[in-house]
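Worksheet: the structure to be examined is printed underneath.
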Protein chains: 2
Amino acid sequence: MAERTRGRPRSFDREAALDQATWVFWERGYEATSVAELTRVMGIGAPSLYAAFGDKQTLFEEVVERFGERFGGFIGRALAEEPTAQQVVARVLREAAAEYTAPGRPPGCLIASAALNCPVDQVATGLRARREENVRAFESLIRADIAAGRMPAGTDAAGLARFVGAVLQGMSQQARDGVERAALEAVAEAALRAWPAAP
Amino acid sequence: MAERTRGRPRSFDREAALDQATWVFWERGYEATSVAELTRVMGIGAPSLYAAFGDKQTLFEEVVERFGERFGGFIGRALAEEPTAQQVVARVLREAAAEYTAPGRPPGCLIASAALNCPVDQVATGLRARREENVRAFESLIRADIAAGRMPAGTDAAGLARFVGAVLQGMSQQARDGVERAALEAVAEAALRAWPAAP
DNA sequence: TTCTTTCTGTAGCAGCCACTAGAGAAAGGC
DNA sequence: GCCTTTCTCTAGTGGCTGCTACAGAAAGAA
């Protein structure tokens with residue numbers, strides 16, 4: 001990755017700076033994070049930021065991508081590793097309670113909360129698409145379970161998937177409001193009781 | 001109310017201007033709403049706004065108060081009119097699906113979404129307190145139902161109340177993401193299936 | 001009429017916003 | 001050594017932010 005190139009070499013670690021930026025955006029959200037604060041936390045000058053990352057919006061998009069890989073991965077892992085919709089959802093909700101309140105990092109989920117009330121349409125839309133992606137993944141998983149006879153034939157797959165998405169968003173917001181892990185776990189357990197019994 | 005006073009009379013309707021301000025804050029959130037936009041929509045100059053409402057933050061607090069009376073009232077009404085916790089929660093969730101997607105007004109709930117990612121602590125804290133108030137009302141209602149033998153003795157009242165709060169917040173966010181009423185009603189129905197059976 | 005009180009419109013405050021021009025610094029290629 | 005390339009630093013840009021000083025307008029009180 002570190003190809004030798006001509007010209008003066010970059011004096012900072014691009015990956016480390018990206019991590020710092022992720023932290024700030026996660027904590028404050030897109031709009032409330034100023035470029036001045038980013039450069040301060042990243043330890044670089046504004047021209048270096050613009051040379052390395054484009055502009056604030058492009059930097060944010062890269063931050064979101066990285067966040068999805070590093071911290072949003074628990075949803076992808078559950079989707080990949082658990083065999084049934086119920087097991088996926090149970091694991092996702094329980095892990096969300098832990099992830100959204102993990103000590104040493106900002107509460108909640110960046111993808112759920114960083115671009116709320118954001119007047120830059122493209123930014124808000126990008127995050128919305130990522131959330132919608134998850135809901136659709138849940139939905140097709142539920143449909144598969146219905147088809148396989150693991151869930152009642154009359155189950156409202158879209159509604160149930162949307163419910164899981166809403167609970168995740170609600171849990172993230174509650175975490176940002178300062179609610180702690182045990183309380184979020186109670187929310188997850190309550191949500192799981194809504195799951196339809198196997199036929 | 002319209003007491004005669006000395007001095008030049010105000011040239012605009014204070015209540016109407018407050019309604020316009022409510023609309024803008026509801027649509028855009030606290031931070032993303034500029035005083036310039038407020039004065040434009042309210043049809044008054046900045047000095048008139050500051051004379052009549054104090055400053056942006058005080059105006060917002062008044063807007064929140066009015067919003068709670070006009071649009072958040074459905075929760076209070078359900079709490080006052082329904083006899084059991086289950087009936088309160090069922091009505092609140094179902095009405096929320098309609099309220100959060102009512103045509104002709106901004107989607108979602110101002111109290112749930114207008115101060116997310118807001119760096120002005122006092123504003124964010126004020127809305128958080130209002131949300132917390134609702135959760136506590138649900139909780140004491142559930143406790144009363146447990147004491148009256150209408151719900152199982154082992155019910156986690158705090159957890160269930162927090163769950164309802166999280167679902168409401170999630171529904172508001174989904175509404176802001178453009179999800180429509182029927183889908184939110186499915187979320188409400190799913191959430192209601194989590195309610196513990198009577199003992 | 002004149003005084004006092006209150007509101008309104010113009011015009012502008014300092015401070016922050018995202019962003020960048022231009023000069024110098026630090027590397028490889030020759 | 002010297003050229004090219006790329007990055008960094010200083011010092012700003014215009015534009016927006018919330019907010020206000022000031023002068024004039026419009027009412028009641030005398």
Side-chain angles (χ1 to χ4, degrees), chain A residues 1-18 20-21 24-25 27-63 114-115 117-124 126, chain B residues 1-18 20-21 24-25 27-63 114-115 117-124 126:
Chain A
M1 268 299 163
E3 319 151 0
R4 287 286 173 84
T5 60
R6 304 188 11 152
R8 176 172 175 176
R10 184 176 286 126
S11 68
F12 61 93
D13 181 340
R14 194 181 186 280
E15 298 301 301
L18 199 51
Q20 310 273 34
V24 185
F25 276 128
E27 210 157 18
R28 298 231 201 291
Y30 178 78
E31 267 284 303
T33 300
S34 70
V35 172
E37 182 159 20
L38 286 168
T39 58
R40 194 176 51 76
V41 169
M42 296 163 91
I44 62 178
S48 298
L49 187 153
Y50 282 88
F53 299 104
D55 60 2
K56 185 185 170 185
Q57 189 177 322
T58 311
L59 167 60
F60 181 72
E61 280 159 15
E62 200 169 337
V63 157
N117 296 327
C118 174
V120 184
D121 259 6
Q122 202 180 332
V123 172
Chain B
M1 269 298 163
E3 319 150 1
R4 286 286 173 84
T5 60
R6 301 190 15 152
R8 176 173 175 175
R10 186 176 285 126
S11 68
F12 61 95
D13 181 340
R14 193 182 187 278
E15 298 301 301
L18 199 52
Q20 310 273 34
V24 185
F25 277 129
E27 209 158 19
R28 299 231 201 291
Y30 178 79
E31 267 284 303
T33 300
S34 71
V35 172
E37 182 158 21
L38 285 168
T39 58
R40 193 175 53 75
V41 170
M42 296 163 90
I44 61 178
S48 298
L49 187 154
Y50 282 87
F53 299 104
D55 60 2
K56 185 186 170 184
Q57 188 177 322
T58 311
L59 167 59
F60 181 72
E61 279 159 16
E62 200 168 337
V63 157
N117 297 326
C118 174
V120 183
D121 259 7
Q122 201 180 331
V123 172

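The sequence lines fix the lettering, A, B, ..., with proteins before strands; numbering per chain opens at 1.
Rounded to whole Å, atom P of C:dC16 lies 13 Å from atom CD of A:Glu37. In this entry the distance linking NZ of B:Lys56 with C1' of D:dT20 reads 17 Å, nearest Å. Rounding to whole angstrom units, CZ of residue A:Arg14 and P of D:dT6 are separated by 16 Å. In this structure, the CD atom of A:Gln122 is 17 Å from the P atom of C:dA18, given to the nearest Å. In this structure, A:Arg40 atom CZ and C:dC17 atom P are separated by 11 Å, rounded to whole Å. At whole-Å resolution of the value, CZ in B:Phe60 and P in D:dT17 are 17 Å apart. For the pair A:Glu31 CD and D:dC16 P, the interatomic distance rounds to 14 Å; values are reported in whole Å. Rounded to whole angstrom, the span from the CD atom of B:Gln57 across to the P atom of D:dT17 amounts to 18 Å.
With B:Arg28 contributing its side chain and A:Pro119 its backbone, the two residues share no donor-acceptor pair below 3.5 Å.
Aromatic ring orientation, B:Tyr30 versus B:Phe60: perpendicular (interplanar angle above 60°, classes split at 30° and 60°).
Phosphate contact (OP1/OP2 of D:dC19, side-chain N/O of B:Tyr50, threshold under 4.0 Å): present.
For B:Gln122, the CD atom is loosely surrounded, since the number of other residues' heavy atoms within 6.0 Å does not exceed 12.
Between A:Ala115 and A:Val123, the shortest heavy-atom distance links the atoms CB-CG1, 3.8 Å.
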Practice task
Give the B/S/- string for nucleotides 4-10 of chain C, one per nucleotide from 5' to 3', where a protein heavy atom under 4.0 Å of the base yields B, of only the sugar-phosphate yields S, and otherwise -.
Solution key: BBBBSBB

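Distance check, rounded to the nearest 0.5 Å: CD of A:Glu27 to CD of A:Glu37 gives 8.5 Å.
Here the side chains of B:Phe25 and B:Lys56 are in contact, with some heavy-atom distance below 4.5 Å.
Counting any heavy atom pair closer than 4.0 Å across all strands shown, B:Thr33 reaches sugar-phosphate atoms only and no base atom.
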